[in-house]
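One structure is given below, encoded as C-alpha cells.
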Amino acid sequence: MITREQIQELAQFEDQGNSALSFYFQPAAPRNKAHKEEAILTKDLAREALRKLESKGSEGNNKAKNESARADLDRIVRLSHDLRGNGAHAKAIFACSAQGFWREYVLPAQLSATQLLVDRHFHLKPLAHLLGAFPGLGVVLVDRHRARLFDLRLGELTEREGFFHPLSRRGRGDGFAGYDGGHAQRRVADEARQHFKFVADFIKDALEKGMFEHWILGCQETHWSQFAPQLHPEAAQKLLGRFSAEVARVSRDEIRTQAERIFADWQQRRSAETVRETLSQARSNGRGVTGLRRVLRSLEMGEIQILLIGDNYVAQAVECTGCGHLDAHLVSLCPVCGRETREVVDVAEAILPWVIRHNIELFYVKDDPEFDNVGNIAALLRFRSALNNSDKVQPINEGRANSSLGRQPGLVGRYRGAASG
Ligand SMILES: [Zn+2]
C-alpha cells in the first residue's frame with residue numbers, strides 16, 4: 001500500500017520532457033481469459049500513449065524524450081503479462097526512465113478503469129479518489145473481556161499489535177455456585193466494567209495521539225449498552241458507526257466489508273453536508289468560494305480547508321512556467337511574475353499536487369444539480385484573508401484576516417505584486 005509520504009513524492013514529481021508515465025491497473029472480474037484480455041488492453045493503451053507522444057512532436061529535442069517514455073511503456077507491457085487477474089488488488093506504476101524513476105504500488109481493486117497516461121506530472125486523480133477524504137480509520141472490536149484494534153487504510157485491514165487485552169480473569173467461572181454465586185457475578189460485572197473503561201481510555205488516547213481520526217465499533221448489542229457509558233465524549237463524537245460482531249469469530253473480510261460500508265455512508269453524508277455548508281457560506285460571503293477563479297485564488301492563499309470537485313469536472317487553465325501560478329484566465333503571461341504560461345488541459349488534475357502537499361481534504365461530488373449550477377468546483381475555507389475579500393461587497397472580520405496574513409507573507413506578497421502589476 002501507499003503512504004502519504006509516497007503520494008507527496010509523486011505529487012512533487014515533474015518532468016519537463018513530458019514523459020512522466022502513470023499506469024493504473026484495475027483487475028477484471030475473475031472469468032476465463034480475463035488475464036489475457038488485461039494484457040492485451042495494456043498493450044493497446046501503451047500503443048495509444050506512444051502514438052500520442054509521437055504526434056505531439058517529432059523534433060529532435062522531443063525524440064530523446066520519447067525514448068524515455070517508450071522504454072517505460074515497453075517495461076509495463078512486459079510486466080502486464082505477470083499481473084494476475086484475480087480481482088484481489090489493483091496496481092499503480094509511476095515511471096520516468098529519463099530521471100531514473102520507477103515506483104510500483106499495490107492498491108485496493110476499486111479503480112474505475114485501467115489507464116495509462118504520459119504527461120509532465122503523474123496522473124493522481126485515481127489515487128485522490130481512493131484516498132478521498134480517507135482519514136486514519138480505526139476499527140475496534142470489543143466484548144466483555146477482549147478487545148482488538150484494526151487499522152483500515154486504502155482497503156487494507158491491519159491488526160494493531162499490543163492492544164489485545166485479555167483482562168486477568170482471576171476466579172472466572174470458579175467459586176461455589178450457589179454459595180459464592182452472587183459475589184462472583186458482581187465481580188465479573190465489575191471486571192467487565194473496568195475492561196470497557198480501559199478500552200474507552202485507550203480509544204481516547206489513540207485519538208489524541210492521532211493513531212486514527214475516526215473509528216468504527218464492532219460488538220454485540222448487549223455489550224454496547226455497557227460500553228457506551230464508558231466512552232469519552234470526544235471518542236463518542238468520532239465514532240462513525242457500529243456493526244454487530246463477535247470478537248472471536250468475525251472474519252477479517254467481514255470486518256473490512258462492514259467498516260467500509262459504514263465509512264462510505266458517513267463519507268457520503270459528510271460530502272452532502274459539506275456541499276450545502278460551502279454553498280451557503282459562499283452565498284453569505286463567508287467561508288465559502290465557488291467557481292474556478294476563486295477556488296484557485298483561495299488555494300494559492302492557503303485558505304482552503306475542504307475542496308469540492310464535480311466528479312466529471314474538466315476545465316482548462318494556464319500554469320506559469322516560472323512560479324507555478326495557476327490561472328483560470330488563459331493568459332500567455334503570468335500575472336504574478338510575468339513569465340510565460342503554458343496550457344493545462346485538466347485543471348482538476350493540475351491542482352491535485354497542491355491539494356496533496358497541503359493536506360487539503362477533497363471530495364468528488366456526484367450528481368448534484370445545485371453544485372453543478374455554481375460551476376462544479378467550490379471550497380470551504382478555514383479563514384478568509386482580507387485581500388481575497390477585496391472583490392466582495394461585504395468585508396469580514398479584519399482582525400482575523402490580518403492574523404492570517406501574518407501566516408502567509410510569501411503568498412500575500414505575490415498577490416500584492418499582481419495587484420500593482
Ligand atoms: Zn509566475
Side-chain angles (χ1 to χ4, degrees), residues 7-20 22 56-57 59 61-62 65 96 98-99 101 117-125 128 289-305 307 309 313-360 362 375-379 381-392 401-402 404-421:
I7 295 171
Q8 303 270 11
E9 180 194 34
L10 298 175
Q12 267 147 27
F13 189 91
E14 180 174 2
D15 184 58
Q16 296 295 340
N18 294 330
S19 48
S22 316
K56 257 186 201 168
E59 311 100 73
N61 198 21
N62 278 324
K65 288 161 188 168
C96 180
Q99 297 191 36
F101 192 96
L117 293 108
V118 185
D119 210 337
R120 194 155 31 90
H121 294 279
F122 291 126
H123 178 61
L124 299 177
K125 189 176 172 187
V289 288
T290 57
L292 182 59
R293 191 176 64 83
R294 287 199 176 87
V295 167
L296 286 180
R297 192 169 351 172
S298 290
L299 192 67
E300 292 188 338
M301 299 292 274
E303 297 173 331
I304 295 183
Q305 183 181 354
L307 179 63
I309 303 180
Y313 180 74
V314 180
Q316 277 189 321
V318 294
E319 179 186 55
C320 173
T321 53
C323 69
H325 165 73
L326 283 168
D327 208 302
H329 298 295
L330 306 180
V331 289
S332 54
L333 295 178
C334 174
V336 178
C337 74
R339 266 182 273 188
E340 255 182 73
T341 63
R342 63 189 155 207
E343 197 181 306
V344 169
V345 179
D346 183 359
V347 72
E349 177 72 34
I351 61 180
L352 287 181
W354 204 303
V355 168
I356 290 164
R357 269 202 304 277
H358 292 85
N359 230 341
I360 293 167
L362 171 64
N376 260 312
I377 188 163
L381 310 181
R382 40 184 122 240
F383 57 82
R384 172 169 265 187
S385 58
L387 282 171
N388 202 14
N389 222 29
S390 58
D391 58 344
K392 297 283 183 290
N402 282 336
S404 71
L405 292 186
R407 268 182 263 132
Q408 307 275 339
L411 287 168
V412 168
R414 271 164 54 175
Y415 272 97
R416 285 203 175 120
S420 63

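Starting from 1, each residue takes its place in the sequence as its number. Order of appearance sets the numbers: ligands from 1, and atoms from 1 within every ligand.
The closest side-chain heavy-atom distance from Arg297 to Glu303 is not below 4.5 Å.
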Checklist entry - Can Thr341 and Thr321 be said to form a side chain to side chain contact (heavy atoms under 4.5 Å, CB included), step by step? => result CA-CA 5 Å; Thr341 63; Thr321 53; over 6 Å; no
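Around the Zn ion (ligand 1), the protein contributes the following N, O or S atoms at distances under 2.8 Å: Cys320 SG, Cys323 SG, Cys334 SG, Cys337 SG.
Taking the six-membered ring where tryptophan is involved, the planes of Phe101 and Phe13 are tilted, since the angle between them lies from 30° to 60°.
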Distance-only donor-acceptor pairs under 3.5 Å for side chains of residues 313-320, two or more places apart:
residue: Gln316; atom: NE2; partner: Glu343; partner atom: OE2; Å: 2.9
residue: Glu319; atom: OE1; partner: Arg120; partner atom: NH1; Å: 2.8
residue: Glu319; atom: OE1; partner: Arg120; partner atom: NH2; Å: 3.2
residue: Glu319; atom: OE1; partner: Arg342; partner atom: NE; Å: 3.2

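In the displayed structure, Gln12 atom CD is contacted under 6.0 Å by more than 12 heavy atoms of other residues, nucleotides or ligands.
Here the straight-line distance linking atom CG of Leu326 with atom CG of Leu292 works out to 8.5 Å at 0.5 Å rounding.
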